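What you see is a predicted model; the values in this text were computed from it and never measured. Order of the sequence lines fixes the chain letters, A, B, ..., with proteins taken first and strands second; residue numbering starts at 1 for each chain.
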Amino acid sequence: MLRFLLRRLFMAVIVLLVVSFGTFIIGHLTGDPVELMAPENATREAKDELRSYLGLDRPLLVQYFSFIGNALRGDLGFSFVQQTAVSDLILERLPATLQLAATGFVLSLLIAVPLGIFIALNRNTVWDFLATSVAMIGQSAPNFWIGLMLIALFAVQLRLLPVSGYGGISYLILPAITIALQSAARLTRLMRASMLEVLNADYVRTARAKGLRQKTVLWVHSFRNAMIPVVTMAGLELAELIGGAFITETIFAWPGVGRLAVNAVYQRDFPLLQGVVLFAATAFVLINFLVDLLYVVIDPRVKLS
Amino acid sequence: MSASILDIEDLHVTFRQGGRSIHAVRGVSLRLQPGEVVGVVGESGSGKSVAMMSVARLLDEKQAGIRADRLDLDGQPVLGLRKRQLEALRGPTVSYIFQDPLSSLNPVLTVGRQVTEGLRRHRGLDRAEARTVAIDLLRQVGIPSPELRVNQHPHEASGGMRQRMMIAMALALRPKLLIADEPTTALDVTVQADIIRLVQGIQREVGMAMIWVTHDLALLARVARRVVVMYGGRIVEDAPSSVLYSAPAHPYTRGLLDSTSRFDVPFRQQTPIPGTPPDPAQRIEACAFAPRCPRATDLCRSRIPPLEDRGQDRRAACFHPLTGGA
Ligand SMILES: Nc1ncnc2c1ncn2[C@@H]1O[C@H](COP(=O)(O)OP(=O)(O)O)[C@@H](O)[C@H]1O
Ligand code: SF4
Ligand SMILES: [Mg+2]
């Protein structure tokens, strides 16, 4: 088990190195920050001075390693555009994003797990047909479209909820549903398929042959096994949710890290963009690692591999 | 009326599959006395497992239609029972050992838990008592260091050990009827004999009735007093082993005997029965074996031969039997 986790940890580090190098290179290729920062009429000398002050005249590799070294100490650089440390900017926006992503994630699981089990147990009924069809449509509807439809219906037409902005629960509902729906659709279908497979498994037949109660067969012998693929997928979904949050935050004017990133792109604020991407990547990797840990807890067979 | 532990009369099982009907069992009648050991043999697909699973109604009845003139287990009409009553029979009255111990054990639960679940359900043991009993049971089926094994998961054991766990589980409640559906087919040849001896020993000790399902006639010669031969969802011959092995009445039984592993014949030289088994999706108004039978006549191709008494305590379904002729 230790070897399994160590291997995963090693892979996580590799992934982070690749991502950080990628963002670093792209950041440097997309434009010279000095040109963006310096006033129009600045002299060549002044620009050179600024460049060397920022350390941008050093070889790329040196810059990269100093970037990594700083990042490890929690220093993600300095946003020249906003005149603030990148880590401060991210930390300031983080709670809003976490709130949105976590609500969306919980919402998605709350819909998908019970619904998936229900339609698996009632397969080939009207309920199954309805839920499966809606899930199929929901799965292919893009986030921004769902967001706009929800705004049009609940905020504009029915005037039940605010159109956008940040505040109490009422502001959270629409964006959370927006980011949850797609993932809920995917997870529902997976939960259904997984449950059906498990219900057909030989060990469930064994459990029934022992005369166990139906609810024991369902919750002790089927549920946990059926959750194994769902947990794996949910980890990926959480990562996807954070990605979806970036777009959704923009639609709903939600002051999270996503909007920070979008603004950074517009303003060519490359230290900020770099910082956000590296931060998001770390979050991804961390989530996946946690999923692996959870996996070991649910499925004892993993310890062997 | 009868003191039979199992009394099946004209059992039919049909699966609905994508608009088609699969006739897996087409009229099986079988009676077992308490303590009796019967072998059921037949090629793969002949309906052995489906018939056996009907006994405790383990089939998914959303797909499987089961009907019978009688299906009594220990005097109780299985097909008329409510869910709760059925659950009460599973374990104490009838218990199963399945073919593949790996897939038949739950991978995420400990061995101890799986072995004692039935006891806790039916006898109300608490956790600590159950653990003691589990260790005892595992020891009885020859599992070394059972106090370690109870806390392990099935994948940590070998195939033979897993089947011993299944056996411990099936025997935990000392059932009146044990159904072993090809219990050694998925195992290494080297451990097959051990498992057979183990089950046989426990059966003799407990004195329960038992059905051995297999496609291996040679194995049944050693364990069963009586052998039932199935073909195409029906019983084609049912006779005491001594009678069946020395002088089979049904041409299919003859074919099985000829193709069966004999210790003096290398595997390659055994002659399988030529031809293929009948398609379970088709209704047959003839002897299902006729296309492969050397004795087939027009009569065989126009009517289903009934399973009739042939003397010597034998039943056979054939118009032109090899012995006990009509
Ligand atoms: N769940 C099922 N759905 C459809 N057909 C089935 C199902 N289970 C078994 N069958 C069919 O029933 C027939 C008898 O199967 P089975 O009893 O497993 O044979 P055996 O145990 O003698 O090898 C086979 O043709 C098999 O394909
Ligand atoms: S009834 Fe006819 S075809 Fe069928 S087994 Fe007997 S002889 Fe062969
Ligand atoms: Mg079978």
Side-chain angles (χ1 to χ4, degrees), chain A residues 1 3-4 117-129 192 194-232 292-305, chain B residues 16 49 52-53 55-60 62-63 83-111 113-123 151-156 162 165-166 169-170 172-173 175 178-179 181 186:
Chain A
M1 178 167 107
R3 257 187 57 200
F4 167 77
I117 292 174
F118 176 77
I119 59 177
L121 294 179
N122 296 282
R123 63 186 168 287
N124 302 332
T125 62
V126 186
W127 299 117
D128 182 21
F129 177 75
R192 176 188 184 274
S194 173
M195 197 70 197
L196 280 182
E197 193 180 323
V198 169
L199 288 175
N200 263 318
D202 288 350
Y203 56 80
V204 169
R205 181 183 61 191
T206 308
R208 294 203 297 130
K210 280 188 253 184
L212 301 182
R213 291 205 171 84
Q214 207 168 20
K215 65 170 198 281
T216 314
V217 173
L218 183 62
W219 295 113
V220 179
H221 281 266
S222 314
F223 177 66
R224 193 165 149 200
N225 303 271
M227 280 306 283
I228 294 172
V230 177
V231 166
T232 318
D292 288 340
L293 271 180
L294 191 57
Y295 216 55
V296 174
V297 175
I298 304 188
D299 188 351
R301 283 167 300 182
V302 172
K303 288 172 193 159
L304 277 187
S305 60
Chain B
R16 285 169 292 277
S49 297
M52 290 307 123
M53 290 209 273
V55 171
R57 282 178 63 187
L58 291 179
L59 297 166
D60 176 2
K62 282 194 175 117
Q63 296 168 44
K83 210 176 291 168
R84 274 294 154 87
Q85 299 170 309
L86 205 53
E87 285 168 6
L89 284 181
R90 295 174 181 159
T93 304
V94 62
S95 196
Y96 286 82
I97 303 171
F98 297 109
Q99 178 171 342
D100 181 357
L102 181 58
S103 67
S104 298
L105 288 165
N106 194 321
V108 308
L109 300 176
T110 62
V111 173
R113 170 164 195 150
Q114 295 187 65
V115 168
T116 53
E117 255 175 336
L119 279 164
R120 298 191 63 188
R121 160 81 171 90
H122 297 283
R123 301 275 152 80
N151 297 323
Q152 290 185 345
H153 291 88
H155 67 266
E156 293 168 79
R162 284 188 208 119
M165 292 166 186
M166 281 295 291
M169 192 184 300
L173 286 153
L178 175 66
I179 297 178
D181 191 350

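- The side chain to side chain donor-acceptor pair (under 3.5 Å) test applied to B/K83 returns A/Q214, not counting sequence neighbours.
- There is no contact between B/L102 and chain A, counting heavy-atom distances below 4.5 Å.
- Atom OG1 in A/T206 sits 8.0 Å away from atom CD in B/Q114 (nearest 0.5 Å).
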Quick one: do A/R213 and B/R84 satisfy side chain to side chain contact (heavy atoms under 4.5 Å, CB included)? Show the steps, please.
-> CA-CA 8 Å; A/R213 291 205 171 84; B/R84 274 294 154 87; 3.4 Å; yes
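- With chain A as partner, the option from B/G91, B/A56, B/P107 having the largest number of non-hydrogen pairs under 4.5 angstrom is B/P107.
- For A/V204, no part lies under 4.5 angstrom from a heavy atom of chain B.
- Note: A/V220 leads A/I228, A/I298, A/V220 in heavy-atom pairs under 4.5 Å with chain B.
- Within the 4.5 angstrom heavy-atom criterion, only side-chain atoms of A/R224, from C-beta onward, approach chain B.
- For a residue to count as touching a neighbouring chain, one of its non-hydrogen atoms must lie under 4.5 Å from one of that chain's; by this rule A/L199 does not touch chain B.
- The side chain to side chain donor-acceptor pair (under 3.5 Å) check on A/R123 picks up B/D60, with sequence neighbours excluded.
- Chain A forms the most heavy-atom pairs under 4.5 Å with one residue out of B/L173, B/L86, B/L109, and that residue is B/L109.
- Counting heavy atoms of neighbouring residues, nucleotides and ligands inside a 6.0 Å radius, atom CD of B/Q152 exceeds 12 of them.
- Only the backbone of B/R57 has a heavy atom closer than 4.5 Å to any heavy atom of chain A.
- Residue B/Q63 holds its CD atom at 6.5 Å from CG of A/N200, rounded to the nearest 0.5 Å.
- Nearest approach of B/S104 to A/R205, heavy atoms of both residues: OG-NH2, 4.2 Å.
- For B/Q99, no part lies near chain A; criterion is any non-hydrogen pair under 4.5 Å.
- Rounding to the nearest 0.5 Å places CG of A/N124 at 8.5 Å from NZ of B/K62.
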Could you go step by step and tell me if B/E117 and A/L212 meet the side chain to side chain contact (heavy atoms under 4.5 Å, CB included) rule?
-> CA-CA 8 Å; B/E117 255 175 336; A/L212 301 182; 3.6 Å; yes
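- Within the 4.5 angstrom heavy-atom criterion, atoms from both the backbone and the side chain of B/L58 approach chain A.
- Distance check: B/L59 CG to A/R208 CZ gives 8.0 Å after rounding to the nearest 0.5 Å.
- Heavy atoms closer than 4.5 Å to chain A are found nowhere in B/S95, neither backbone nor side chain.
- In this structure, the separation between CG on B/L119 and NZ on A/K210 is 10.0 Å, given to the nearest 0.5 Å.
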